[in-house]
Amino acid sequence: MSGSYRRGAALPIPARAIARPVLRGRAADAALVAALVVGSCILRTGAMRAGYWTDESIAVGIASHPLTEIPATLRLDGSPPLYYLLLHAWIALAGTSEPATRCLSLAFALAVIPVAMWAGTTLFGRRAGLLAAAGAAGAPFLTQYAQETRMYTLVVLLSLVACTAFVLAFLDGRRVHLITLGAALTTLLYTHNWGLFLCAALAGAWLTLLARGRVGARDGLLVAAAVVVLYAPWLPTLAFQAAHTGAPWADRPSPLLLLAAPALLLGTIGAPLLVAPVVAGLRRRDPGHERVVLLLGIAAATVVLAWIASQLQPAWATRYLAVALGPLLVGTAGALANGGRRTAVVLAGVALVWALWQPPSVKSNVRTVATRIAPLLRPGDVVLSASPEVVPNLAGYLPAGLRFYTPSGPVTDVRVTDWRDVVARIRGTSPREVLDSALAARRPGARLVLITPIVHQPPPQAPLWRAERVRSRELRALVAADRRLRQVASAPASVWPRRRSQVRADVYVSATP
């Protein structure tokens, strides 16, 4: 009979009854993500007021130039322009104090959390999404660089979006994400040069899928062509930077640094703890196994390519590994999503370790040194720094009106370090001529401040650091022997403990009235 109930027949379920649990689940997930964002924000603000270290002051200095001058200014540096353009706009709103500029990095780090939730959920399911979001909320790498005025948290965010879009576009056939992929890669390339290594790793993954007949050729070629066209305007500057700035402060990385990359990203305790459950997840061959292997392979290939390139032309830095953290984060979450009790115990231990970890509260002693000698200085005094890269940091904390010199001569723009052929310029000048020029530039009765690096042990062997150590010893000997000068102050009182980014300041006046 029409409309009557028949035993065994499925009852129709109202749409509202289906929607309510879904909406409740989404609300619960949104609440969890919000809690992770709040907790992460608390975790990542402990070192916000620490003094700038060298790279941060350079970033603020570059960003303080007029907007249209920033791309040309970066010919002296070695970075792409996007982060500095964003920082310029941010400074206009928030100012140039340490917490103000670092809040931009913090904002990008916090944005990684919901994006990781989206990535993990979309690729592997809700549990993986929550794990990826939790990882983004506590990963030590993000905790450190959320509190530095640099671009690395933005790099993590873009690498996460790019790799997720790659999987969705080429494994799931969701062609709308070809646009997402192209936009994320182009933005990444304009943010950091190591984006090139992620692009190469993704190209390798795409070629592997193409060889297996998993993807067609057209879509991949279209994305590549679009990225090349959009990035082409920056290529002449990139070529100039590669030829003249490079990374003279970098050593060739050892194989140990290559093997230590996961620990540098996930923590020296967290990464080893995660190895066993990740391997177990790979052995289970869950439905998302191919995606996990693909993402972890992309992360590994990016690091290996960077390591190989740094053997040819040294440019290795732990912070640059940000480009591999996106795929590593979501790939690890996918591997752990279906783990059992042991995995849960390990994850609880990792979460505890991450929650207790904090970056160094002192990143450089430049602010402390500058604060101690600033009362002694007046406009027209001369600062001679044996380390050119420290000048923007010093200028930010010392009084205005000082004249700055480096082993290359007078500094025309104290907001930026001129990295162009810097080692050759340091080695090609006479320390006696530089000192005489600095002394001649003083007004009558003005003071001379000699800034030299405090070398940590073992001393770094990159070309720049070797050249600076030699010039530092020569300048200290020349100033000490110069009868025209008499030392009146120095800071710090002791050079111990020796750490990175430390300098010593010695203040001199004329020996005769």
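Values in this document were obtained by computation on a predicted structure and should not be read as measured data.
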**Q** Closest approach of Ala337 and Leu131, non-hydrogen atoms and distance?
**A** CA-CD1, 3.8 Å

**Q** Does any N or O in the side chain of Arg471 come within less than 3.5 Å of the main-chain N or O of Ile426, such that one atom is a donor and the other an acceptor?
**A** yes

**Q** Under the ring-ring contact (aromatic ring centres under 6.0 Å, His included) rule, collect the residues that match up with Tyr84, sequence neighbours excluded.
**A** none

**Q** Any chance you could measure Thr318, atom OG1, to Leu264, atom CG, to the nearest 0.5 Å?
**A** 4.5 Å

**Q** For the side-chain contact (heavy atoms from CB on, under 4.5 Å) test, which of Val161, Leu209, Leu198, Leu178 pairs with Phe166?
**A** Leu209

**Q** So, for Ser472 and Pro453, which heavy atoms are closest and what is the spacing to 0.1 Å?
**A** OG-CD, 3.6 Å

**Q** With a cut-off of 6.0 Å (strictly less than), are more than 12 heavy atoms of other residues, nucleotides or ligands near CD1 of Ile179?
**A** no

**Q** For the atom pair CH2 (Trp206) and CG (Asp219), what is the distance rounded to the nearest 0.5 Å?
**A** 9.0 Å

**Q** Hey, does the side chain of Arg403 reach the backbone of Val382 with a donor-acceptor pair shorter than 3.5 angstrom?
**A** no

**Q** Under 3.5 Å, which donor-acceptor pairs link side chains of residues 241-251 to any protein atom two or more places apart or in another chain?
**A**
from: Gln241; atom 1: NE2; to: Leu74; atom 2: O; distance (Å): 2.8
from: Gln241; atom 1: NE2; to: Ser79; atom 2: O; distance (Å): 3.2
from: His244; atom 1: ND1; to: Asp421; atom 2: OD2; distance (Å): 3.2
from: Thr245; atom 1: OG1; to: Asp77; atom 2: O; distance (Å): 3.4
from: Thr245; atom 1: OG1; to: Gln241; atom 2: O; distance (Å): 2.8
from: Asp251; atom 1: OD1; to: Ala462; atom 2: N; distance (Å): 2.8

**Q** May I ask you to test the Leu106-Thr45 pair for a side-chain heavy-atom distance under 4.5 Å?
**A** yes

**Q** Say whether, by atom type as modelled, one donor and one acceptor occur between the side chain of Trp316 and the main chain of Ser254 under 3.5 angstrom.
**A** no

**Q** Can you check whether Gly46's main-chain N or O pairs, donor with acceptor, with Gln147's side chain at less than 3.5 Å?
**A** yes

**Q** Apply the test side-chain contact (heavy atoms from CB on, under 4.5 Å) to residues Glu389 and Leu464: give CA-CA distance (whole Å), side-chain angles for both, the deciding distance (0.1 Å), then the verdict.
**A** CA-CA 10 Å; Glu389 74 280 0; Leu464 177 64; 4.2 Å; yes

**Q** Between Glu468 and Ser387, do the side chains contain an N or O donor and an N or O acceptor separated by less than 3.5 Å?
**A** yes

**Q** Please report the closest heavy-atom contact between Pro80 and Leu189, naming both atoms and the distance.
**A** CG-O, 3.4 Å

**Q** Between atom OH of Tyr320 and atom CG of Asn193, what is the distance when rounded to the nearest 0.5 Å?
**A** 8.0 Å

**Q** Under the criterion side-chain contact (heavy atoms from CB on, under 4.5 Å), I'd like the reasoning laid out for Phe170 against Leu294: C-alpha separation, chi angles, the key distance, then a yes or no.
**A** CA-CA 11 Å; Phe170 293 117; Leu294 182 63; over 6 Å; no

**Q** Quick one, Leu168 and Leu123 - any side-chain contact, counting heavy atoms below 4.5 Å?
**A** yes

**Q** Can you tell me if Ile269 has over 12 outside heavy atoms packed within less than 6.0 Å of its CD1?
**A** no

**Q** Quick test of your reading of the model: are Asp55 and Lys363 salt-bridged, counting only N-O distances below 4.0 Å?
**A** no

**Q** How many angstroms lie between CD1 in Ile70 and NE2 in His88, if you round to the nearest 0.5 Å?
**A** 5.5 Å

**Q** For the residue pair Tyr145 and Phe141, does the interplanar ring angle fall in the parallel (under 30°), tilted (30 to 60°) or perpendicular (over 60°) class?
**A** tilted

**Q** For residues Ala299 and Ala324, report the shortest heavy-atom separation together with the two atoms involved.
**A** CB-O, 3.7 Å

**Q** So, do Pro71 and Thr237 sit near enough that their side-chain heavy atoms are less than 4.5 Å apart?
**A** no

**Q** Determine whether Leu266 and Leu328 satisfy the following criterion, side-chain contact (heavy atoms from CB on, under 4.5 Å), listing intermediate values before the conclusion.
**A** CA-CA 9 Å; Leu266 300 177; Leu328 177 64; 4.0 Å; yes

**Q** Examine the side chains of His65 and Asp413 and answer whether a donor and an acceptor come within less than 3.5 Å of each other.
**A** yes

**Q** Can you tell me how far CG of Leu154 sits from OG1 of Thr187, rounded to the nearest 0.5 angstrom?
**A** 8.5 Å

**Q** Which atoms form the tightest heavy-atom contact between Gly195 and Val323, and what is the distance?
**A** CA-CG2, 4.0 Å

**Q** Does the Gln358 side chain pair with the main chain of Leu43, one donor and one acceptor, at a distance under 3.5 Å?
**A** yes

**Q** Only one of Ile62, Leu104, Val155 clears side-chain contact (heavy atoms from CB on, under 4.5 Å) with Tyr83; which?
**A** Leu104

**Q** Do Ile451 and Leu384 come within less than 4.5 Å of each other through their side chains, counting heavy atoms only?
**A** no

**Q** Find out whether Thr164 and Val115 are in side-chain contact, i.e. whether some heavy atom of one side chain is under 4.5 Å from a heavy atom of the other.
**A** no

**Q** Run Thr180 and Arg174 through side-chain contact (heavy atoms from CB on, under 4.5 Å) and show every step you take.
**A** CA-CA 11 Å; Thr180 309; Arg174 296 167 63 174; over 6 Å; no

**Q** In this structure, which one of Val330, Leu336, Leu329 forms a side-chain contact (heavy atoms from CB on, under 4.5 Å) with Thr332?
**A** Leu336

**Q** Hey, does the side chain of Arg319 reach the backbone of Tyr152 with a donor-acceptor pair shorter than 3.5 angstrom?
**A** no

**Q** Going by the side-chain hydrogen bond (donor to acceptor under 3.5 Å, both in side chains) test, which pairs reach into residues 97-108, not counting sequence neighbours?
**A** Tyr52-Thr101, Glu56-Arg102, Glu98-Arg367, Glu98-Tyr397, Thr101-Thr149

**Q** Find out whether Pro388 and Asp418 are in side-chain contact, i.e. whether some heavy atom of one side chain is under 4.5 Å from a heavy atom of the other.
**A** no

**Q** Between Arg425 (side chain) and Arg420 (backbone), is there a donor-acceptor pair under 3.5 Å?
**A** yes

**Q** Keeping Thr429 on the side-chain end and Pro407 on the backbone end, is there a donor-acceptor pair under 3.5 Å?
**A** yes

**Q** Side chain of Thr406, backbone of Ser408: donor and acceptor closer than 3.5 Å?
**A** yes

**Q** Would the distance check show the side chain of Ser310 and the main-chain N or O of Trp307 forming a donor-acceptor pair, the cut-off being under 3.5 Å?
**A** no

**Q** Would you mind reporting whether Asn393 and Val503 have side-chain heavy atoms less than 4.5 Å apart?
**A** no

**Q** For Arg44 and Thr143, work out which heavy atoms get closest and say how close.
**A** NE-OG1, 3.1 Å

**Q** Can you find a heavy atom in the side chain of Pro392 that is under 4.5 Å from one in the side chain of Thr417?
**A** yes

**Q** Let me confirm one number: the CG-CE distance from Leu188 to Met151, rounded to the nearest 0.5 Å.
**A** 11.0 Å

